Each structure stands twice: as structure tokens, then as C-alpha cells.
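Working notes, beginning with the structure itself.
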Number of protein chains: 2
Amino acid sequence: MHDSLRRFKADIFQALAHPTRIAILELLSPGELSAGALIEKLDMEQANVSQHLAVLRAKQLVSNRKVGNQVFYSIRDPILIDVLNLMRAYFHAHLKESLSMLDEMEKPLETVR
Amino acid sequence: MHDSLRRFKADIFQALAHPTRIAILELLSPGELSAGALIEKLDMEQANVSQHLAVLRAKQLVSNRKVGNQVFYSIRDPILIDVLNLMRAYFHAHLKESLSMLDEMEKPLETVR
DNA sequence: CAAGTATATTCGACTATTGTAATATTCATC
DNA sequence: GATGAATATTACAATAGTCGAATATACTTG
């Protein structure tokens, strides 16, 4: 397979590879929301959310329309929602091991020694 | 939703967010292969492939069994193959825009000025 | 047990991603 | 056109991911 295709896919996964961006997409999956609404629901810094939105925009995962002062974001292709749902299924299938994985991730420094 | 769940998902996407690792998973999707076979098919440095395999192992996306001298890798859960197939569908749906995106990615330095 | 083969790990340099703070832009209203 | 609200961008420090080179480990066979 062409390597640029793989780079393309990797790039999209990269865009998904952040908890905040996953949260944004999950918040958007029922329908569009303004940037302000996202910031409020996420309870995070305005600049930070805006940067994550910029990443999602750059990779074309969301589209946005401007209405007066506000910018409304929505998921560009419902396939992404399917992907997130599959990941949810994956998580449930591996719940047990996942939990111990999360444990290790919580306290990586102590367990080294 | 719990934030650690999102961190978990993000972590898995992170593991998928590299062309080489996608290539590995695509090579493994028909069935298991030895590390050596992967190295040969990828035509890459042994150490590099081994490092990417370590990432996939750490995130539990692959499992491995040792047979004598060799280590055979396989995809841990077929859901991952579904995810990759969905991404393929996504790619085809967005082929046109994707191509121009790839173009920009190819020559980012020249187009700045 | 010496030598060879298959795989993994460690190290250091390099590049990319992230968050915060500060600043800029855009639009609406007075 | 000045002011305020909503959003975006820039700059910088900190952290994380990547690669190649060298080294380590584990197993096999003579």
C-alpha cells in the first residue's frame, strides 16, 4: 500500500489521540455546538480548546460555520462517530485488562524501582 | 464521561498514530507473522520495527507468542481491523480533499512563503 | 559452551505536541 | 467609530515521540 495513505490515516489517528479532542468529538456527536458551549462543557481554558479545535479543523474532522459572533462546530463525517463507538466496544471488551493498564499509567514513577 | 476512559481511548489512537504501526497492523490483519517477517516486508531497521512493536504491545493491541528463536505477532482483537477498515472507508469518502491535503503535507516549507 | 540468529532494550540527538499567557481578529451594538 | 463579547493565533517552556547506533538477551546448533 502507498505510504502516503498510511501517513494520511496516521494523521487522523493522531488528531484523535488526545483526551480533550475525543471529548470534543463526543460532545459534538449528537449535533453541532458553538465553541463557547464546548468551552463551557469542557470547563477548560478558551485558548486551549480553540487550539484543539484548530487541530480537528486542520485534519478536516470537523466543519464550522460562523453565525454572527459565534462559530458552530460539527462532526464532518458520521464515520468518525462509528469509529468512536467501535472504540467504546473495544474498551468494554477489554475492561478488565484496561483497568490494570490505567492503574499502571497512574503511577508509573513509583513502580519503576 | 470519566476522563480516564478518554485517556485510555486517546492512548489507543496514539498507538495507531504512526504510519509504520498502521502498516504493521495491516500486515498482521490476515494472520500472525514473525517479527522477522514484518521487518522484511516493511524493509526497515530491525530496531525501529521492534520499537514500534513494543508500542503496540504496551497498548495491548497485539499479542505475541514465542516459538524457539522467533516471536510471532498477531492482532489482539479483530475490532481493530474493523477500525482500520472504517478508516479506509473514510479515506475513500474523502479522497478528493484528502489528496489536496496530502499535497500540502508534501511541500509545507515551500508554500509558506 | 562457543558461535550464530532472532529479537529487544538503551542511549542520545532531533522533532513534534502540549499548555499557559499574551495578543489579535471579527462581529455586534451603542 | 469606540466598546465588549466570541473566537483565533502566536510565543515560549515543558514534555513526549521518533530514529539510528550500539548493546543486550534468548534461543539453537554444532
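Just so it is clear, the structure is predicted and the values come from calculations on it, not from any experiment. The sequence lines fix the lettering, A, B, ..., with proteins before strands; numbering per chain opens at 1.
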(request) Evaluate the side-chain proximity of V71(A) to Y73(A): yes if any heavy-atom separation is below 4.5 Å, no if none is. (result)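 Answer yes - side chains close enough.
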Give the table of side-chain donor-acceptor pairs shorter than 3.5 Å for residues 34-52 of chain B, with sequence neighbours excluded, one pair per line with atom names and distance.
unit_1 : atom_1 : unit_2 : atom_2 : d
S34(B) : OG     : A37(B) : N      : 3.0
N48(B) : OD1    : H52(B) : NE2    : 3.2
H52(B) : ND1    : R21(B) : NH1    : 3.1

(message) Counting only side-chain nitrogens and oxygens, does H52(A) get under 4.0 Å of the OP1 or OP2 atom of dT17(C)?
(response) no
(message) For M44(A) and V67(A), find the nucleotide of DNA chain C closest to each by heavy atoms; which residue's nucleotide sits nearer the 5' end?
(response) M44(A)
(request) Using side chain to side chain donor-acceptor pair (under 3.5 Å) as the criterion, list what pairs up with N69(A), not counting sequence neighbours. (result) none
(request) Heavy atoms of chain B, cut-off under 4.0 Å: which first and last nucleotide of DNA chain D, 5' to 3', fall inside that, if you could look? (result)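 Answer, 5' to 3': dG17(D) to dT28(D).
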(request) Treat primed atoms plus P, OP1 and OP2 as sugar-phosphate and everything else as base, then score nucleotides 3-14 of chain C 5' to 3': B for base contact with protein heavy atoms under 4.0 Å, S for sugar-phosphate contact only, - for none. (result) --BSBBBB----
(message) Going by the rule side-chain contact (heavy atoms from CB on, under 4.5 Å), which residues pair with I79(B) if we only count those two or more places apart in sequence or in a different chain?
(response) L86(A), A89(A), Y90(A), D77(B), V83(B)
(message) In this structure, would V55(A) and L16(A) fall into the same cluster of hydrophobic residues linked by side-chain contacts under 4.5 Å?
(response)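 No.
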(request) Calculate, to the nearest 0.5 Å, the distance between atoms CG and NZ belonging to L61(B) and K59(B) respectively. (result)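 L61(B) atom CG to K59(B) atom NZ measures 8.0 Å (nearest 0.5 Å).
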(request) Check step by step if side chain to side chain contact (heavy atoms under 4.5 Å, CB included) holds for N64(B) and L53(B). (result) CA-CA 10 Å; N64(B) 54 335; L53(B) 286 171; over 6 Å; no
(message) Under the rule for salt bridge (charged side-chain N to carboxylate O under 4.0 Å, His left out), what residues qualify as partners of E32(A), not counting sequence neighbours?
(response)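 Testing E32(A) for salt bridge (charged side-chain N to carboxylate O under 4.0 Å, His left out), a comparison that skips the adjacent residues, returns R65(A).
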(request) Measure the distance from NE2 on H18(A) to P on dT17(C) and round it to the nearest whole Å. (result)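 To the nearest whole Å, that distance equals 12 Å.
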